[in-house]
Amino acid sequence: MTEAADCNTKPSFGELVAVFARIGCLSFGGPAGQIALMHRIVVEEKRWLKEDRYLHALNYCMLLPGPEAQQLATYIGWLLFGARGGVAAGLLFVVPGLVVIIGLAGLYAALADTSWLEAVFTGLKAAVLAIVIQALWRMAKKSLKGPVSVAFAVIAFVALFVFGIAFPLVLLAAGIAGYFLMRGSPDPGAEDEEPAPTRQKKGMRAIATISVWTFVWLLPLGILAGLGGAGTLTEIFGFFVKVALFSFGGAYAVLSYVAQEAVTTYHWLTPAEMLDGLALAETTPGPLVLVLCFVGFLGAYAAPAFAAPFVSGIIGAFLTAWAIFVPSFVFIFAGAPFIEDLRKNPALSGAMAGIGAAIVGVIANLSLWFALHVMFDHVGRIELFALPPLIDAGPVWPVWSSLHVWSLLLSLVAAIALFAFRIGVVPLLLGAGLAGLAIASWL
């Protein structure tokens, strides 16, 4: 059984739905902000999961292709209420942002202008930065236990930020090193759980899960084929199916690849439209890869298949979301039962502990990247040397003359409100958004 696994407080299913609907509406700031938000609500406020259990789930999700924050939401839901909890949490994490991005894509297609959003989201990003810093600090204090784990986090940060080493390679190295250096006793909480199914039964369940969810995932291809292929819609869905399977390296690596293919190969949108889409991704709730739905919308809008442009655009956006997010349910429902067993194995739990320590460095890297893009209008890289695909580039570095003073001040005020006055997430984001709008109106 997975229900109420290793938690302090047993929620009702209705509470799970309400909380993840709230998280889905507030999950600004990319992976770092979303992981921080879930940690604050699920671990600290609601106490549904203990720190170690949350990090164990996060470690696995970081190894998977696709949106790690949505996979983490699905994993948490699965731990608490099995498959129905995983489906509910995973969908609710995505749906609010999907609705927003489709609405904005429709307005963009009609008006070709998103400048009215910038003022509000300047304030929101400043508040999210404060939330990210607080979560990183708390997570580091609780998960880095001893000099070895601290070393893992520091090395991971340097490898990613300074040398741009491929993200999966960093985690693989951490897992191997952790296997030898961080072995310990099994997680004591794992022994208190109800007896798990035998490995043979788990294997059969995993095969059944993969079969059912793969059928669900690829079902739109059959529907589109029955409608005569539907031209661009089939092309959009097929492309994003491939993206979903090979989207290692985090959201930014995926967005870079999609931007190139969507503009130069498929000609679904122009370079300027793609840049506007990337800006929307940074300023809307939900996973960053939701910007792919913007791409799917504009591609189908420009070449409508069997409906009016706007309706065709909505279908293109939904097909993109289906292709990108459904595999997350396969990975969690089929793989999580085996990952849970690792908590009872000292050697393998050491590998996961190594990955967990490295992930603190990963989140620190994401946080610094996010902070630089909040504070500065222009951010580039210092080129060191390249060894593709292992070493990509040098560290991210801002153009100092492009410092955004108001973003710096808003971030400081948000940090004071959060750390000193312990203001809640909703009033913090609301106040920051209104402040950003007021500043833009004043200037």
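Heads up: numbering here begins at 1 and tracks the sequence.
Under the side chain to side chain donor-acceptor pair (under 3.5 Å) criterion, His39 pairs with Glu44, Glu51, not counting sequence neighbours. With sequence neighbours left out, the ring pair (Phe, Tyr, Trp, His ring centres under 6.0 Å) criterion links Tyr301 to Phe297. Residues satisfying the salt bridge (charged side-chain N to carboxylate O under 4.0 Å, His left out) criterion with Glu15, sequence neighbours excluded, are absent altogether. Residues passing the side-chain contact (heavy atoms from CB on, under 4.5 Å) test with Ala173, sequence neighbours excluded: none. A search for ring pair (Phe, Tyr, Trp, His ring centres under 6.0 Å) contacts involving Tyr266 returns Phe239, Trp268, not counting sequence neighbours. A search for side-chain contact (heavy atoms from CB on, under 4.5 Å) contacts involving Val241 returns Trp217, Leu218, Phe237, Ala323, not counting sequence neighbours. Taking the ring pair (Phe, Tyr, Trp, His ring centres under 6.0 Å) definition, one finds that Phe93 meets it with nothing, sequence neighbours left out. With sequence neighbours excluded, the residues satisfying side-chain contact (heavy atoms from CB on, under 4.5 Å) with Ile207 are Ser211. By the side-chain contact (heavy atoms from CB on, under 4.5 Å) test, Ala140 is found to be paired with Leu144, Val360, residues two or more places apart in sequence or in another chain being considered. Listed by chain and number, the residues in a ring pair (Phe, Tyr, Trp, His ring centres under 6.0 Å) with Trp213 are Phe329, Phe333 (sequence neighbours excluded).
At distances below 3.5 Å, not a single donor-acceptor pair connects side-chain atoms of Asn365 with backbone N or O atoms of Gly361. Between the Gln34 side chain and the Gly286 main chain, a donor and an acceptor come within less than 3.5 Å of each other.
Side-chain contact between Ile324 and Val243 is present, with heavy atoms from C-beta onward closer than 4.5 Å. Using a 4.5 Å heavy-atom cutoff, the side chains of Ile35 and Tyr54 are in contact. Contact annotation: the side chain of Cys25 never approaches that of Pro285 to less than 4.5 Å [non-hydrogen atoms, C-beta and beyond]. Side-chain contact check for Leu319 versus Leu224: some heavy-atom pair is nearer than 4.5 Å.
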Show me the donor-acceptor pairs within less than 3.5 Å that the side chains of residues 149-165 make with the rest of the protein, sequence neighbours left out.
from   : atom 1 : to     : atom 2 : distance (Å)
Ser149 : OG     : Lys145 : N      : 2.8
Ser149 : OG     : Lys145 : O      : 3.4
Ser149 : OG     : Gly146 : O      : 3.0

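Salt bridge present: Arg53 and Glu340 bring a charged side-chain N and a carboxylate O closer than 4.0 Å.
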